[in-house]
Amino acid sequence: MKVFIATKNLKKLEELSRILVPMGFEVICEKDLDSPLEEIEETGTTFEENAILKAKAGLLRTGYMSVADDSGICVDYLDGAPGIYSARYSGGHGNDEKNNLKILKELEGVPMEKRTAYYVAAIACVFPDGREFTVRGECHGHIAFEEKGTNGFGYDPLFISEIGCFGLVSAEEKDKVSHRGRALIKFREELLKYIEE
């Protein structure tokens, strides 16, 4: 069975493929299309709504079951910002360096105990027959005082989890505790239910 992963982010594609391929799915993505995937306007007010928007656009484009992710980081001291605007927090889309610098500036002088934050990942799946579902994973931690390491992407060099800074740990270590890793476990369980139906 073919499944389309509606993302332009190669790291998200890898993470989702690691779950879907062993389940017997043939994963297709943007590079398998005859033209690039259109940018989807993320007009939702939650991670789940934006993930559904992207998955539905993938289904419309390909006709195949489609999966999409929307994720970000929520900093308690900043009233949950950047939240759903995580990828474009500094203005442009996906500029990790500028986004990280903006958060560091906004948390200047804030002590570690007030730098609590959590990563969120919502994964949506839509089927050609109209069925759909979303799952959510979270990972709680703190924002560091400076960037550490070069592993991962997004805010990983700033995020300190129970296993340390995401910028310093391996992908395998991160998968075990990360927001997306936790969402993927739920996603696999939910997908199996839908397949059995």
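The figures here come from the full heavy-atom set of this structure, side chains too, leaving out hydrogens, waters and symmetry mates. Bear in mind the structure is a predicted one, so any value in this text is a computation, not a measurement.
The two atoms that bring Asn151 and Val169 nearest to each other are ND2-O, 3.0 Å, heavy atoms only. In this structure, Leu53 and Glu41 approach most closely via the heavy-atom pair CD1-O, 3.9 Å. Scanning all heavy atoms of the two residues, the minimum distance from Gly152 to Lys174 falls at CA-NZ, 4.4 Å. The nearest pair of heavy atoms linking Thr43 to Asn50 is N-OD1, 3.5 Å. Contact record, Lys102 with Tyr89: NZ-O, 3.1 Å, taken as the closest heavy-atom pair. Residues Asp96 and Gly154 approach most closely at OD2-N, 3.0 Å, considering heavy atoms.
In the model, Tyr118 has no side-chain atom that pairs as donor or acceptor with a side-chain atom of Asp76 under 3.5 Å. For Asn99 and Ser90, the side-chain atoms include at least one donor-acceptor pair closer than 3.5 Å. Residues Glu173 and Ser170 have side chains that bring a donor and an acceptor to within less than 3.5 angstrom of each other.
A salt bridge between Glu15 and Lys12 is absent, with no side-chain N of the basic residue lying under 4.0 Å from a carboxylate O of the acidic one. Under a 4.0 Å N-O distance rule, the pair Asp175/Arg18 qualifies as a salt bridge.
The cluster map of Ile, Leu, Val, Met, Phe, Trp and Tyr, joined by side-chain heavy atoms under 4.5 Å apart, puts Leu16 and Val27 in the same cluster. Val21 and Tyr194 end up in the same hydrophobic cluster when Ile, Leu, Val, Met, Phe, Trp and Tyr side chains are linked at under 4.5 Å. Residues Ile160 and Leu158 are members of separate hydrophobic clusters, defined by side-chain heavy-atom contacts under 4.5 angstrom among Ile, Leu, Val, Met, Phe, Trp and Tyr. Under the 4.5 Å side-chain contact rule for hydrophobic residues, Leu184 and Phe47 do not share a cluster. The cluster map of Ile, Leu, Val, Met, Phe, Trp and Tyr, joined by side-chain heavy atoms under 4.5 Å apart, puts Val126 and Ile28 in different clusters.
Around the OH atom of Tyr77, the shell of radius 6.0 Å holds no more than 12 heavy atoms that belong to other residues, nucleotides or ligands.
Taking CG from Leu20 and CE from Met1, the interatomic distance works out to 11.0 Å, rounded to the nearest 0.5 Å.
At a threshold of 4.5 Å between non-hydrogen side-chain atoms, the residues Glu42 and Ile84 do not count as touching. Looking at heavy atoms from C-beta onward, Arg182 lies out of side-chain contact with His179 at the 4.5 angstrom threshold.
Residues that satisfy the salt bridge (charged side-chain N to carboxylate O under 4.0 Å, His left out) test with Glu138, not counting sequence neighbours, are Arg136.
Between Tyr64 and Phe4, the distance from one ring center to the other does not fall under 6.0 angstrom.
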Stepwise side-chain contact (heavy atoms from CB on, under 4.5 Å) check, Arg61 with Leu33
CA-CA 9 Å; Arg61 176 75 188 271; Leu33 304 178; 3.8 Å; yes

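Checking Thr134, Val3, Val67 one by one against Cys125, the side chain to side chain contact (heavy atoms under 4.5 Å, CB included) holds for a single residue, Val67.
Ring-plane geometry between Phe133 and Phe127 is classed as tilted, the angle between the planes lying from 30 to 60 degrees on a 0 to 90 degree scale.
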